[in-house]
Number of protein chains: 2
Amino acid sequence: MKYKNYTISDIKEMLTQQGIKPSIQRMKILEYIVKNRNHPTVDMIYNAIKFEIPTLSKTTVYNTLKELVKKGILIELLIDENVIRYDMNISPHVHFKCKICGKIYDYDMNCEIFEKKEIDGNRIEKYNVYLFGICKECLKKGDGRHGN
Amino acid sequence: MKYKNYTISDIKEMLTQQGIKPSIQRMKILEYIVKNRNHPTVDMIYNAIKFEIPTLSKTTVYNTLKELVKKGILIELLIDENVIRYDMNISPHVHFKCKICGKIYDYDMNCEIFEKKEIDGNRIEKYNVYLFGICKECLKKGDGRHGN
DNA sequence: TATATAGTTGTAATAATTATAAACTTGAAA
DNA sequence: TTTCAAGTTTATAATTATTACAACTATATA
Ligand SMILES: [Mn+2]
Ligand SMILES: [Mn+2]
Ligand SMILES: [Zn+2]
Ligand SMILES: [Zn+2]
């Protein structure tokens, strides 16, 4: 998957276009997600940018992410049991999580599900598709080992 | 979707076959899930059977569910942000959650995803497909109202 | 009966998230 | 420039699902 390269002024514009004032905290948070497409948790974001903004509060990260989700800029991934991950809300895609290394991979998949706007009369507005297993790299490392 | 009707001795056998001793607590917990296909949370299960087993501890519900998941009898649904739901591990199916009434519906869907055993070299072992929107009933109730 | 093992229970600990209220920023009006 | 109000950030406390732990209980075997 290839992503558009966002500049800092793209990020500012994403915020202002949604009526969110582009404070330094909000810009750094969104910039982190946009530049590191790693489906981060709140803690990953907080730890990554607290050096740039030493006064940063984790509450601000929570508040900002919630706001960005509400505005549709981000989506939440419930792929882990105990923590929410965040992702750019781009075209629908599928997530694969490796149970060995924990990495999460993006995949485009022209799945019929994504086409359907309703199922049995129920209106579909959102999709989450999570795949779990062992990734290419971990399969290679584990070659011949039991359990893989 | 139509389910097999489990008797109490089916439930006992499911446990013994997996090497789990069929204590009264474990049987009641599994019986609840099997008889009420409502994708319950720990609290739903606990509150439903604590009248039959007044000494029941919520820890036992947690322990039993974890064990049943490990043995492959149940699966966990991460469809809600803050709580785990449990489901019989039957043939792969799709879950639809209504954002109005909160109900979760099962759907069979012959999706190509369920056929694939690998994607880009990664070995797929498990699938979770969650759909979100407004269910048939809530659409009907909300007819002509804004927001629906 | 004595004893070991597995199962259950109540309580405490953990950890992610949310609530709250005080402090700070900012930008416009006076 | 000063004042003021609205919006934003911060630190702390509260909430809540889940897990850890240790004591207690039931069961089976010798
Ligand atoms: Mn993604
Ligand atoms: Mn189901
Ligand atoms: Zn891996
Ligand atoms: Zn509904």
Side-chain angles (χ1 to χ4, degrees), chain A residues 11-12 14-16 18-33 39-71 73-87 102, chain B residues 11-12 14-32 39-71 73-87 102:
Chain A
I11 287 162
K12 185 180 280 190
M14 289 173 70
L15 292 170
T16 48
Q18 293 294 338
I20 301 175
K21 195 175 288 184
S23 68
I24 183 67
Q25 290 89 345
R26 288 164 173 169
M27 289 183 63
K28 284 293 176 192
I29 290 167
L30 183 53
E31 184 188 22
Y32 177 87
I33 297 173
H39 310 97
T41 65
V42 162
D43 269 34
M44 288 165 72
I45 299 168
Y46 174 75
N47 288 319
I49 65 184
K50 73 178 172 196
F51 301 104
E52 300 184 71
I53 311 173
T55 62
L56 181 68
S57 163
K58 207 178 275 188
T59 301
T60 298
V61 182
Y62 275 104
N63 290 341
T64 299
L65 292 172
K66 189 185 278 195
E67 191 71 12
L68 294 175
V69 168
K70 194 183 291 177
K71 295 293 188 174
I73 296 175
L74 301 182
I75 58 172
E76 294 180 343
L77 302 187
L78 303 184
I79 198 169
D80 282 315
E81 296 211 1
N82 50 351
V83 70
I84 301 176
R85 291 175 176 275
Y86 292 88
D87 198 5
Chain B
I11 288 162
K12 184 180 279 191
M14 288 173 71
L15 293 169
T16 48
Q17 280 215 344
Q18 292 296 337
I20 300 175
K21 195 175 288 185
S23 68
I24 182 66
Q25 289 89 343
R26 288 165 173 169
M27 287 182 64
K28 284 292 177 193
I29 290 167
L30 184 52
E31 183 188 23
Y32 177 87
H39 310 95
T41 64
V42 161
D43 270 34
M44 289 165 72
I45 299 168
Y46 174 76
N47 289 318
I49 65 185
K50 72 179 173 196
F51 302 104
E52 300 185 70
I53 310 173
T55 60
L56 181 68
S57 164
K58 207 177 276 189
T59 300
T60 299
V61 182
Y62 275 104
N63 290 342
T64 299
L65 292 172
K66 190 185 279 196
E67 192 71 10
L68 294 175
V69 168
K70 195 183 289 177
K71 296 292 189 175
I73 296 175
L74 302 181
I75 58 172
E76 294 180 343
L77 302 187
L78 302 184
I79 197 169
D80 281 315
E81 297 212 358
N82 50 349
V83 70
I84 301 177
R85 291 174 176 275
Y86 293 88
D87 198 7

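FYI, side chains are in, hydrogens and waters are out, and symmetry mates aren't considered; it's all heavy atoms of this structure. Each chain gets a letter, A, B and so on, in the order the sequences are listed, and its residues count up from 1. Quantities reported herein were computed from a predicted structural model and do not represent experimental measurements.
- By the salt bridge (charged side-chain N to carboxylate O under 4.0 Å, His left out) test, A:Glu76 pairs with no residue at all, sequence neighbours left out.
- The phosphate of D:dT9 has neither OP1 nor OP2 within less than 4.0 Å of any side-chain N or O from A:Ser57.
- Taking the side chain as every heavy atom from C-beta outward, B:Val42 and B:Tyr86 approach each other to under 4.5 Å.
- With a 4.5 Å cut-off on side-chain heavy atoms, B:Ile29 and B:Ile49 count as touching.
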Look for any protein N or O under 3.5 Å of an N or O in nucleotides 13-20 of chain C and output each such pair with its distance, or none.
| from | atom 1 | to | atom 2 | distance (Å) |
| --- | --- | --- | --- | --- |
| C:dT17 | OP1 | A:Ile84 | N | 2.9 |
| C:dT17 | OP2 | A:Tyr62 | OH | 2.9 |

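- Counting non-hydrogen atoms under 4.0 angstrom, B:Thr60 reaches a base of the nucleic acid.
- Among the protein residues, B:Thr41 comes within range of no part of the nucleic acid, since none of its heavy atoms lies under 4.0 Å from any strand.
- Between the CZ atom of A:Arg26 and the C1' atom of D:dT8 there is a distance of 6 Å, rounded to whole Å.
- B:Thr55 has a side-chain polar atom (N or O) that falls below the 4.0 Å cut-off from OP1 or OP2 of C:dT9.
- Annotation: side chain to side chain donor-acceptor pair (under 3.5 Å) contacts of A:Asp43 (sequence neighbours excluded): A:Lys58.
- With A:Arg85 contributing its side chain and A:Leu77 its backbone, the two residues share no donor-acceptor pair below 3.5 Å.
- Per the geometry, CG belonging to B:Leu30 stands 15 Å off P belonging to C:dG7, to the nearest Å.
- B:Lys50 is linked by a side chain to side chain donor-acceptor pair (under 3.5 Å) to B:Asn47, counting only residues two or more places apart in sequence or in another chain.
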Find every protein N or O atom lying less than 3.5 Å from an N or O atom of nucleotides 21-28 of chain C, and list the pairs.
none

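- The closest donor-acceptor contact from the side chain of A:Arg26 to the backbone of A:Thr64 lies at 3.5 Å or more, if one exists at all.
- For the salt bridge (charged side-chain N to carboxylate O under 4.0 Å, His left out) test, no residue two or more places apart in sequence or in another chain qualifies with A:Glu67.
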